[in-house]
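Here is the structure we will look at, set down as structure tokens.
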Amino acid sequence: MTEKMTNETSTEKRSLHFIEQAIVADLEAGKNGKKIQTRFPPEPNGYLHIGHAKAFILDFGIAAQYGGTCNLRFDDTNPEKEDTEYVDSIKEDIEWLGCKWDNIFYASDYFQQIWDFAVELIRKGHAYVDEQPAQAIADQKGTPTEPGQDSPYRNRPVEESLELFDKMNSGELEEGAMVLRAKIDMTHSNMHFRDPIIYRIIKTPHHRTGTAWNAYPMYDFAHGQSDYLEGVTHSLCTLEFEVHRPLYDYFVELMKNSTLARTDERQPRQIEFNRLNLTYTVMSKRKLLTLVQEGLVNGWDDPRMPTLCGYRRRGYSPESIHLFIDRIGYTKYEALNDISLLESAVREDLNKRATRVSGVLNPVKLTITNYPEGQVEMMEAVNNPEDENGGVHSIPFSGQLWMEREDFMEDAPKKFFRMTPGKEVRLKNAYIVKCTGCEKDANGEITEIFCEYDPNTKSGMPDSKRKVKGTLHWLSREHCIPAEVRLYDRLFKVENPGAEASEDFRTLLNPDSLKVLKECYVEPFAGSLGIGSYMQFQRLGYFTLDPDTNKEGRLIFNRTVGLRDTWSKKK
RNA sequence: AGUCCCAUGGUGUAAUGGUAGCACUACAGUUUUUGGUACUGUCUGUCUAGGUUCGAAUCCUGGUGGGACUACCA
């Protein structure tokens with residue numbers, strides 16, 4: 001045996017959740033020839049969001065954990081909504097999170113077999129063609145508390161159904177002309193057993209099979225069938241499919257007794273877990289699509305979107321998403337997870353790896369009146385204090401600096417440890433300076449701050465040991481480079497837009513969700529780090545370079561997540 | 001109310017009949033050349049009423065509360 005590979009993404013100890021326990025139990029019982037096979041089955045009708053990540057991290061994770069197989073299967077049974085654009089983005093996002101599929105399958109791969117199965121069901125009297133309009137079928141369905149009524153076509157001859165089913169697929173019928181229904185029980189307490197529709201006519205060409213088919217299977221007649229044909233052993237899905245499980249089992253049982261029966265012992269089992277809900281976040285694909293289509297955000301990868309490509313562009317690392325998913329767990333309780341759980345996971349991961357660079361987001365001039373004119377010194381800065389091997393880089397220092405406007409107060413309260421007249425403060429990696437005053441314009445706005453430096457307090461010198469309460473970041477006006485910074489806030493202003501969006505969820509949008517700061521500066525080193533690298537601007541948060549960054553020497557940064565700012569709360 | 005599912009601090013999640021623990025949040029403190037990080041501490045919890053048991057968050061029954069199901073979506 002080779003040495004065991006360590007999985008670095010989840011070193012935290014945790015007990016097995018209920019799905020893992022079920023799998024262990026099945027393994028111990030010797031089910032499915034002691035094999036494990038899962039699948040991630042997205043419909044290619046939109047971009048993947050973080051809720052999907054919770055699902056596929058489980059699907060791929062379970063397979064990896066128990067030496068099984070996990071396939072990516074596109075559930076493409078409704079050509080009206082689906083597109084190859086989505087197929088491509090889904091693959092990209094799964095790979096970004098480091099998950100690897102064994103095979104790529106499509107439900108459309110099984111259209112012929114599912115068709116054959118339907119024909120067999122008709123022959124055996126388990127299905128019939130219904131020619132009623134949709135409304136009539138809905139009316140006969142009853143309600144959860146009242147039984148339904150049989151369709152007048154329910155007991156039509158097998159040969160007739162067979163003939164009509166063929167017509168449904170030939171292209172000669174219009175959409176809605178007729179459907180194929182399973183013949184089960186119109187009085188069943190589970191609505192899904194009231195003769196569910198299993199095939200309908202759709203004339204829109206399919207993104208893979210084109211016009212080869214005109215009749216398409218419904219979810220309930222495709223999902224379990226695909227699972228069974230593929231050899232899936234554990235079909236993991238979200239809680240809302242719980243009511244579908246009896247029907248899933250019903251059809252699997254019929255498949256076992258059909259000409260499509262497997263030669264091995266494998267039989268898929270559906271297990272449901274809670275879907276991801278996040279505060280201040282909309283996870284509905286339909287609503288996310290609306291945001292994109294109406295231009296309320298700048299595309300699926302807008303950094304405010306909860307899509308995986310949105311988080312990627314904002315600068316969230318794949319590791320932090322794994323960490324978050326690992327912490328929230330899988331249960332049957334419909335939880336509403338606080339967004340701070342995600343943000344804390346991002347900060348924890350980025351803190352270990354983000355290069356510390358200087359940036360000033362809201363600049364004001366700081367002039368050292370006693371610093372030799374024209375002198376420039378190179379100051380050494382540690383790249384990452386959390387990483388001993390992170391190395392150093394240098395920052396040019398001069399008497400003409402930028403500092404953060406918030407770091408100065410003319411009349412400061414006692415607990416203000418930053419710059420204020422008469423008090424000493426340290427310039428990070430440089431000298432201790434004493435503030436001597438400031439200059440204001442006609443409106444009373446501060447235009448420049450003055451200070452004097454102590455030449456013996458440069459970092460490394462003996463006098464630099466002197467205790468000063470505050471440490472400020474700075475940039476040399478002559479040497480820094482202009483930048484634009486985008487600060488992202490929550491897209492929605494209410495905690496639970498899902499629950500509160502009774503009329504129009506758009507009214508719940510936060511108008512301040514994007515703030516663009518144009519007069520920003522960063523040190524030259526920040527520009528050299530490039531897209532994809534993580535940076536922490538001193539005390540301001542974590543940033544990444546936006547892919548849109550242009551070439552005119554202006555860098556555009558996205559703030560991934562802010563740091564804790566206890567000062568703002570202490571006031 | 002028909003069937004099914006769920007209920008542990010503010011949030012999420014452990015404890016699988018035997019000391020209710022962890023993470024996040026909030027608050028307080030220590031360290032710190034980032035008011036960051038790290039570390040320490042504090043606050044706060046088994047929905048309710050019965051039953052079984054030496055012993056119940058856990059098993060049983062009733063209640064309460066929340067959710068799913070009534071698409072030719074998945």
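Side chains included, hydrogens not; waters and symmetry mates left out as well; all remaining heavy atoms used. Proteins come first, then strands; the chains are lettered A, B, ... in the order of their sequence lines, and each starts at number 1.
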* Asked: What does Y431(A) touch in the nucleic acid at a heavy-atom separation under 4.0 angstrom: a base, only the sugar-phosphate, or nothing?
  -> nothing
* In whole angstrom, what separates F537(A)'s CZ from U37(B)'s P? -> 18 Å
* **Who pairs with A7(B) - Watson-Crick or G-U, where each distance is under 3.5 Å** => U64(B)
N/O contacts under 3.5 Å, protein versus nucleotides 18-21 of chain B?
none

* Touch class at under 4.0 angstrom, heavy-atom based, for Y199(A) against every strand present -> nothing
* Side chain of D565(A) only, please: which of G35(B), C5(B), U70(B) is the nearest? => G35(B)
* May I have the distance from R245(A) (atom CZ) to C69(B) (atom P), rounded to whole angstrom? => 15 Å
* To do: Identify whether any heavy atom of L239(A) sits under 4.0 Å from a base atom; if not, whether one sits that close to sugar-phosphate; answer base, sugar-phosphate or nothing.
  => nothing
* Return the orientation label for the W402(A) and Y521(A) ring planes: parallel under 30°, perpendicular over 60°, tilted otherwise. => parallel
* Asked: For Y542(A), is the NZ or CZ atom of R347(A) found under 6.0 angstrom from the centre of its six-membered ring and inside 45 degrees of the ring axis?
  -> no
* Between U37(B) and C27(B) - P atom distance, rounded Å -> 13 Å
* Classify the nucleic acid contact of E43(A) as base, sugar-phosphate or nothing, counting any heavy atom under 4.0 Å across all strands shown. => sugar-phosphate
* Any side-chain N or O of K467(A) less than 4.0 Å from the OP1 or OP2 oxygen of U32(B)? -> yes
* Asked: Is there a donor on the side chain of E146(A) or the base of U70(B) sitting less than 3.5 Å from an acceptor on the other?
  -> no
* Atom CG of N429(A) to atom P of U32(B): distance rounded to whole Å? -> 17 Å
* Checking all strands, does G460(A) fall into the base, sugar-phosphate, or nothing category for heavy-atom contacts under 4.0 angstrom? -> base
* Length of the line joining N384(A):CG and U32(B):P, which is rounded to integer Å -> 20 Å
* **Salt bridge R156(A)-E131(A), side-chain N to carboxylate O under 4.0 Å** => yes
* Structure fact -> Ranking A74(B), C69(B), U33(B) by distance to the side chain of H192(A), first place goes to C69(B)
* **Value rounded to 0.5 Å, distance of CZ in R269(A) from OH in Y248(A)** => 11.0 Å
* To do: Scan P133(A) against the nucleic acid and name what it touches under 4.0 Å (heavy atoms): base, sugar-phosphate only, or nothing.
  => base
* N-O pairing of E334(A) and R275(A) below 4.0 Å -> no
* To do: Any strand is fair game: report the nucleotide pairing with C27(B) by Watson-Crick or G-U wobble, both distances under 3.5 Å, or none.
  => G41(B)
* Structure fact -> Testing A74(B), U34(B), C69(B) for proximity to the side chain of P385(A), the answer is U34(B)
* **R347(A) side chain, from C-beta outward: closest of G2(B), U25(B), U33(B)** => U25(B)
* Asked: Reckon T279(A) touches a base, only the sugar-phosphate, or nothing at all at heavy-atom distances under 4.0 Å?
  -> nothing
* To do: Indicate, yes or no, whether a donor-acceptor pair under 3.5 Å links the base of U34(B) to the side chain of R539(A).
  => no
* Asked: Can you find a heavy atom in the side chain of F74(A) that is under 4.5 Å from one in the side chain of F105(A)?
  -> no
* Structure fact -> C69(B) -> Watson-Crick or G-U wobble partner, both distances under 3.5 Å, gives G2(B)
* To do: Quick one: sort the F251(A) and F221(A) rings into parallel, tilted or perpendicular, breaks at 30° and 60°.
  => perpendicular
* To do: Examine distances only and state if a side-chain atom of E452(A) and a backbone atom of K434(A) form a donor-acceptor pair shorter than 3.5 Å.
  => no
* Structure fact -> S340(A) has its side chain closest, among U25(B), C73(B), G2(B), to U25(B)
* **Length of the line joining M403(A):CE and U34(B):C1', which is rounded to integer Å** => 14 Å
Please produce a list of atom pairs where a protein N or O lies less than 3.5 Å from an N or O of nucleotides 11-15 of chain B.
{"unit_1": "U11(B)", "atom_1": "O3'", "unit_2": "L336(A)", "atom_2": "O", "d": "3.2"}
{"unit_1": "U11(B)", "atom_1": "O2'", "unit_2": "L336(A)", "atom_2": "O", "d": "3.3"}
{"unit_1": "U11(B)", "atom_1": "O2'", "unit_2": "D338(A)", "atom_2": "N", "d": "3.4"}
{"unit_1": "G12(B)", "atom_1": "OP1", "unit_2": "L336(A)", "atom_2": "N", "d": "3.2"}
{"unit_1": "G12(B)", "atom_1": "O2'", "unit_2": "I328(A)", "atom_2": "O", "d": "3.2"}
{"unit_1": "G12(B)", "atom_1": "O2'", "unit_2": "N337(A)", "atom_2": "OD1", "d": "3.4"}
{"unit_1": "U13(B)", "atom_1": "OP1", "unit_2": "N274(A)", "atom_2": "ND2", "d": "3.3"}
{"unit_1": "U13(B)", "atom_1": "OP1", "unit_2": "T331(A)", "atom_2": "OG1", "d": "2.9"}
{"unit_1": "A14(B)", "atom_1": "O3'", "unit_2": "S15(A)", "atom_2": "OG", "d": "2.9"}
{"unit_1": "A14(B)", "atom_1": "O2'", "unit_2": "S15(A)", "atom_2": "OG", "d": "3.4"}

* Got a salt bridge between E43(A) and K81(A), using NZ or NE/NH1/NH2 to carboxylate O under 4.0 Å? -> no
* Asked: N190(A) CG to U70(B) P: how many Å, rounded?
  -> 10 Å
* Asked: Just checking R418(A): base, sugar-phosphate only, or nothing, at a heavy-atom cut-off of under 4.0 Å?
  -> base
* With a 3.5 Å cut-off and just heavy-atom distances, do the side chain of H244(A) and the base of A68(B) make a donor-acceptor pair? -> no
* Report which part of the nucleic acid S459(A) touches: base, sugar-phosphate, or nothing (heavy-atom distance under 4.0 Å, all strands). => base
* **Nucleotide nearest S344(A) when distance is taken to its side chain, options C72(B), G36(B), C24(B)** => C24(B)
* To do: Determine the Euclidean distance between corresponding C1' atoms of A57(B) and U3(B); express it in Å to zero decimal places.
  => 27 Å
* Base, sugar-phosphate alone, or nothing: which one does Q132(A) contact when heavy atoms must sit under 4.0 Å apart? -> base
* Asked: Nearest to the side chain of E242(A) - U33(B), A74(B), C5(B)?
  -> C5(B)
* Asked: Do T77(A) and Y110(A) touch side chain to side chain, with heavy atoms closer than 4.5 Å?
  -> no
* Do the non-hydrogen side-chain atoms of K183(A) and I122(A) ever get within less than 4.5 Å of each other? -> no
* To do: Using a 4.0 Å cut-off on protein heavy atoms (strictly under), produce a 5'-to-3' string for nucleotides 38-45 of chain B with B for base contact, S for backbone-only sugar-phosphate contact, and - for none.
  => --------
* To do: Assign Q536(A) to base, sugar-phosphate, or nothing according to its heavy-atom contacts below 4.0 angstrom with the strands shown.
  => base
* Contact class for M178(A) (heavy atom, under 4.0 Å): base, sugar-phosphate, or nothing? -> nothing
